[in-house]
Amino acid sequence: MEKFVVRGPNKRSCTSDALIRSPRKKIKLEEDERMKEEEDEDEALAEFSNPVPWQKIEAEGLDCDYAQLFSTEEADKLFKQLEEEVVYSTGEEAKVQVFGKVYNIPRKQATYGDAGLTYTYSGVRRSACPWTPTLESIRDAVTKTTGQTFNFVLVNRYKDGQDHMGEHRDDEKELDPLCPIASVSLGAARDFIFRHRDARGKQSRRQIEPVRLELAHGSLLLMNPPTNTFWYHSLPVRKKVLLPRINLTFRRIVLDRKK
DNA sequence: CAACTCGCACGGTA
DNA sequence: ATACCGTGCGAGTT
C-alpha cells in the first residue's frame with residue numbers, strides 16, 4: 001500500500017539528478033537555486049525508508065515516483081527472456097492513421113493481460129494475450145514494491161533511437177483513474193519528457209518547464225494521478241541510441257461488465 | 001578564439 | 001497517434 005519514499009539524499013534529485021542535462025541555461029540556473037536550498041533537512045527520516053530508494057518527481061499536477069527496481073544482472077536476464085517470449089503485432093495491427101494517412105508505428109507493440117480483457121488506445125481496440133511467465137513475474141515484482149495490482153500491460157519495443165513515441169496522455173476511459181501506471185524499462189536508456197498541457201504550442205498562456213527524465217535499464221516509473229490529466233509525455237528520437245529498449249506499462253483496466 | 005559546418009532537437013503543420 | 005520541414009543551437013573543427 002504505502003510507498004516508502006526516501007526523503008533524504010534523493011529528495012532533490014527529481015529536479016537535478018533525474019533531469020537530463022539541458023542545453024538551455026535557464027534550466028541550469030534553476031537547478032543551482034534549488035541546490036542551494038534543501039541541503040540540511042530530512043536526515044532523521046532516512047531510517048523509515050524502504051529498501052527501494054524512491055525518487056519523488058513533482059510539479060504542478062505531476063506526481064511520479066522513480067526507482068531502480070532490478071539490478072543490472074536481473075534486468076539483463078529479463079530483457080533476454082522478453083526478447084524470446086513477447087510476440088508483437090504485425091500487419092494492419094502495426095499501423096496507425098493520422099490526418100488521413102496510414103503510417104507504420106515507429107516501434108513494436110504487444111498487449112498482455114487477464115483473460116477476456118480488451119483495451120482501446122490510439123483509436124483501436126484489441127484484446128490481451130495471456131500473461132507470459134516473465135511478464136507475470138515482472139508484474140508481481142511491481143506489485144510487491146508498490147502495493148498496486150495490475151491486470152494489463154502494454155509492451156513497446158524501440159529497436160534503437162530512431163524508434164519513438166509522440167506526445168500523448170494515457171487518458172483512456174477504461175483505465176482505473178485511481179491506479180497509477182507503472183512503467184518498467186529494460187535495455188537502452190532513453191530520455192522521457194513530460195510537458196504540461198497548458199505549456200504547449202507557441203502562445204501557450206503558461207510558461208511551465210518540461211520535466212525531463214532518463215529511464216534506466218531496470219527502472220520503474222510510477223505515474224500517479226492526476227499526472228495523466230495535466231501532463232503529456234513522449235519518448236523522443238535520440239539518434240545516438242543504437243540499442244533496443246523494451247518498455248512495459250502496467251495498467252488497471254476497469255471491468256466492463258455489460259453484455 | 002572567431003568563423004564556419006554539421007547534425008540534432010524542437011515546434012508547427014497537415 | 002504520425003511524418004515532414006524550417007529554424008536555431010551546440011559541438012566540433014580549423
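Please read these numbers as outputs of a predicted model, since none were measured by experiment. Protein chains get the first letters and strands the later ones, always in sequence-line order, with residue 1 at the start of each.
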[X] has a side chain; which of [options] sits nearest to it?
| X | options | value |
| --- | --- | --- |
| A/Val237 | B/dA9, B/dC10, C/dA1 | B/dA9 |
| A/Tyr103 | C/dT2, B/dA9, C/dA1 | C/dT2 |
| A/Val98 | B/dG11, B/dC10, C/dT2 | C/dT2 |
| A/His164 | C/dA1, B/dA14, C/dA3 | C/dA3 |
| A/Lys239 | C/dA3, B/dG11, B/dC8 | B/dC8 |

Between [X] ([atom1]) and [N] ([atom2]), how many Å, whole number?
| X | N | atom1 | atom2 | result |
| --- | --- | --- | --- | --- |
| A/His168 | C/dT2 | NE2 | P | 9 Å |
| A/His196 | B/dG11 | NE2 | C1' | 19 Å |
| A/Lys240 | B/dA9 | NZ | C1' | 10 Å |
| A/Tyr121 | C/dA1 | OH | C1' | 11 Å |
| A/Tyr232 | B/dG12 | OH | P | 14 Å |
| A/Tyr158 | C/dT2 | OH | P | 9 Å |
| A/Arg107 | C/dA1 | CZ | P | 9 Å |
| A/Met165 | B/dC10 | CE | C1' | 18 Å |

**Side-chain H-bond candidate by donor/acceptor type, A/Ser185 with A/Arg245, under 3.5 Å** =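 Per modelled atom types, A/Ser185 and A/Arg245 side chains form a pair under 3.5 Å.
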
**Any donor-acceptor N or O pair under 3.5 Å, side chains A/Asn156, A/Arg107** =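 Yes, A/Arg107 and A/Asn156 have a side-chain donor paired with an acceptor closer than 3.5 Å.
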
**Asked** Hey, what's the ring geometry for A/Trp131 with A/Phe250, parallel, tilted or perpendicular (30° and 60° as the breaks)?
**Response**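 A/Trp131 and A/Phe250: parallel rings.
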
**Prompt:** Can you say whether the rings of A/His196 and A/Trp231 are parallel (under 30°), tilted (30 to 60°) or perpendicular (over 60°)?
**Reply:**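 Ring orientation of A/His196 relative to A/Trp231: perpendicular.
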
**Request:** Output yes when at least one side-chain N/O atom of A/Arg238 is less than 4.0 Å from OP1 or OP2 of B/dC10, else no.
**Result:**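 For B/dC10, OP1/OP2 do have a side-chain N/O of A/Arg238 under 4.0 Å.
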
**Request:** Check whether any side-chain N or O of A/Arg212 sits under 4.0 Å from OP1 or OP2 of B/dA9, and answer yes or no.
**Result:**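 Answer is no, no contact under 4.0 Å.
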
**Asked** Is it true that A/Phe150 and A/Phe152 have ring centroids separated by less than 6.0 Å?
**Response**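 No.
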
**Asked** Within the structure shown, what part of the strands sits under 4.0 Å from A/Glu167 by heavy-atom distance: base, sugar-phosphate, or nothing?
**Response**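 Result for A/Glu167 = sugar-phosphate.
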
